[in-house]
Amino acid sequence: MDHPRIVIFDTTLRDGEQSPGCSMNVSEKLHLAQQLDRLGVDVIEAGFPIASDGDFEAVQRIAATIRRPIIAGLARACTGDVDRAWQALQGAAHPRIHVFLATSDIHLKYKLRISREKCLEQARDAVRHAKLLCSDVEFSPEDATRTDVPFLCQVVEAVIAAGATTVNIPDTVGYTMPEEYGQLIQTLREKVAGIDKVTISTHCHNDLGLAVANSLAGVQNGARQVECTINGIGERAGNASLEEIVMAMRVRPDRYAYQTAVVSEHLYASSQMLSEITRVPVQPNKAITGRNAFAHEAGIHQDGMLKNPLTYEIMTPQSVGVPDSRLVLGKHSGRHALALRCEQLGHQFERRELDEVYRRFVVLADRIKKVQDSHLLELIQDVVSGAVGPDDVTGQNKKFPPTAVALPFPRAISAVAGANGNANSDDTHPAQISGSAGQEQARPGAAPANWFGRAPVPLADHHNEQEDYLWGV
Ligand code: KIV
Ligand code: ZN
């Protein structure tokens, strides 16, 4: 397949982190950046270094630690910001300075109080300065979709001449419509000298629920980078959701014949990890990663799913890393199964840590029979924080019920289709009927600073453990 390659620019740690309730500390950002690296994103926008010392440190640590993707730091169009971003990016293997300046008349008049001429000059000067420091420079005309189009073309042409290598076209306020945004990208390609030498990028906000549709329209009209966030978090209604963009291309190559380097099987773990760190739950009906995304409750749907999952599922849960609901974790499960489920939930453990998680898991499983993901997440947090375990005989630990398990979400039946006697099916993925063990939300709980930043041990290292696990009870 020779489909055009789309660069996935993840801004969860910058634009996403700016959304209410989603702020993260340095260790949390580093931990998530490691997951984004595993996920296969091309660019990680690690923060806005001038904004705070914490942001500076986060960019600096991510730049020094994560070697494969490009690490971007945001800067307003002024020397001080650009220098600070560059300082934070010093250790990066592949640094990018991302300069932005608003270009719409509304922003120029009321926010910046500068003329169009001044705006043009400032944008050009900032990019020129950034280019002296770093070969990879992105420019974003903020509020591009409400900017006078001929003026936008003028600014874009000027920053390309000054050395920008990526030109991002933000729909900052989520105002544009798919055809309109596609047309704007097309117009830029027709009117701007030098545009064919740079990468055009989309950056769409979701105020009208169109961020993903607009981004895809941009791609169809020649954009080759998409800026997006895990779970679509971001200012106000959020940014375009990374998982939705990636899966739209993967599920509908007939319409969107593009490829990304994202390993879609890591999408669910990435979503869970973000939710766990920020303690902002994923909307249950969130496409791709919500707990209902692969759940079926209506009788007709259940019937169809049991006959053939293709009736009501357009992608397999496994393709996005949703744990298989048939795989029940109980007292007979072994380290391998436990390690795999932990990994699916975004936690990779060193050998000794896994031993401790396993020890507590066995005690818990003996007590509650079936260990749900929410219990496991709670147990993991207890282990990493050094809290007492479920075998605490003092009775201090009240987190786990002694016998019956109170599930945080309503469940109806649990059933399996596909591989389970579905003779007509050519697709053997399991159906998850009305919720699955793997679709639990992360429980809120403080994650201690020392939890983050460990070197994970690949699952393969556990293979010589006693593999006495029993899946699919
Ligand atoms: O939405 C926006 O305009 C931005 C820019 C800084 C790229 O986030
Ligand atoms: Zn934005």
Side-chain angles (χ1 to χ4, degrees), residues 7-20 22-23 41-52 55 59 70-78 81-82 84-85 88 96-108 110-112 119 122-123 126-127 130 136-148 151-152 155-156 159 164-176 181 184-185 188 198-212 214-215 218 223 225-242 244-245:
V7 172
I8 296 294
F9 177 117
D10 182 277
T11 184
T12 306
L13 298 172
R14 199 279 297 170
D15 218 349
E17 203 247 357
Q18 283 174 217
S19 62
C22 286
S23 58
V41 307
D42 300 288
V43 187
I44 295 175
E45 186 162 55
F48 189 3
I50 195 93
S52 69
D55 246 39
V59 176
I70 294 170
I71 307 298
L74 187 68
R76 288 170 299 187
C78 58
D81 274 39
V82 170
R84 189 76 174 146
R96 173 179 295 184
I97 300 177
H98 179 187
V99 179
F100 76 100
L101 181 64
T103 49
S104 68
D105 286 338
I106 298 173
H107 279 237
L108 295 189
Y110 297 105
K111 188 180 84 173
L112 299 175
C119 169
Q122 203 176 316
V127 169
D136 188 344
V137 177
E138 173 168 333
F139 179 78
S140 290
E142 191 189 3
D143 205 16
T145 53
R146 293 192 302 169
T147 298
D148 173 63
F151 180 60
L152 181 66
V155 173
V156 169
V159 296
T165 42
T166 298
V167 174
N168 183 38
I169 306 300
D171 182 29
T172 304
V173 290
Y175 176 72
T176 199
Y181 190 67
L184 180 61
I185 302 293
L188 288 163
V198 303
T199 301
I200 303 176
S201 170
T202 68
H203 179 110
C204 298
H205 280 266
N206 206 30
D207 299 67
L208 291 172
L210 292 168
V212 169
N214 289 335
S215 306
Q225 174 177 286
V226 174
E227 301 197 354
C228 44
T229 60
I230 300 291
N231 294 339
I233 66 165
E235 294 273 17
R236 309 179 308 281
N239 287 60
S241 143
L242 183 150
E244 294 173 27
I245 302 266

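For the numbers below, each heavy atom of this structure counts, side chains included, while hydrogens, waters and symmetry mates do not. Both counts, for ligands and for their atoms, begin at 1 and track the order of listing.
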Trainee: For the Zn ion (ligand 2), which protein N/O/S atoms are closer than 2.8 Å?
Mentor: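 Less than 2.8 Å away from the Zn ion (ligand 2) sit D15 OD2, H203 NE2, H205 NE2.
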Trainee: Which residues satisfy the salt bridge (charged side-chain N to carboxylate O under 4.0 Å, His left out) test with E235, sequence neighbours excluded?
Mentor: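 Per chain and number, E235 pairs via salt bridge (charged side-chain N to carboxylate O under 4.0 Å, His left out) with no residue.
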Trainee: On a heavy-atom basis, which atom in F139 and which in V155 lie closest, and how many Å separate them?
Mentor: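 That closest heavy-atom pairing would be CE2-CG1, 3.8 Å.
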Trainee: Are more than 12 heavy atoms, taken from residues, nucleotides or ligands other than Y175, located less than 6.0 Å from that residue's OH atom?
Mentor: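 Open: at most 12 neighbouring heavy atoms sit under 6.0 Å from OH of Y175.
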Trainee: Walk me through whether S201 and F9 qualify under side chain to side chain contact (heavy atoms under 4.5 Å, CB included).
Mentor: CA-CA 9 Å; S201 170; F9 177 117; 5.6 Å; no
Trainee: Run the salt bridge (charged side-chain N to carboxylate O under 4.0 Å, His left out) test against R14 and tell me which residues pass, sequence neighbours left out.
Mentor: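 Only E45 meet the salt bridge (charged side-chain N to carboxylate O under 4.0 Å, His left out) criterion with R14.
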Trainee: Between H98 and N168, is any pair of side-chain heavy atoms under 4.5 Å apart?
Mentor: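 Yes, side chains in contact.
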Trainee: Is F100 close to H203 at the side-chain level, that is, under 4.5 Å between some pair of heavy atoms?
Mentor: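 Result no, sub-4.5 Å side-chain heavy-atom pair not found.
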Trainee: Less than 3.5 Å apart, any donor N or O on the side chain of T145 or T176 sitting next to an acceptor on the other?
Mentor: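 Not at all, the side chains of T145 and T176 share no donor-acceptor pair under 3.5 Å.
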Trainee: Using heavy atoms and a cut-off under 4.0 Å, could you grab the residues that are in contact with ligand 1, chain by chain, numbers ascending?
Mentor: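 Within 4.0 Å of ligand 1, protein side: R14, D15, H98, F100, S140, E142, N168, P170, T172, H203, H205.
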Trainee: Indicate whether the side chain of N239 and that of T229 have a donor and an acceptor atom separated by less than 3.5 Å.
Mentor: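 Short answer, no.
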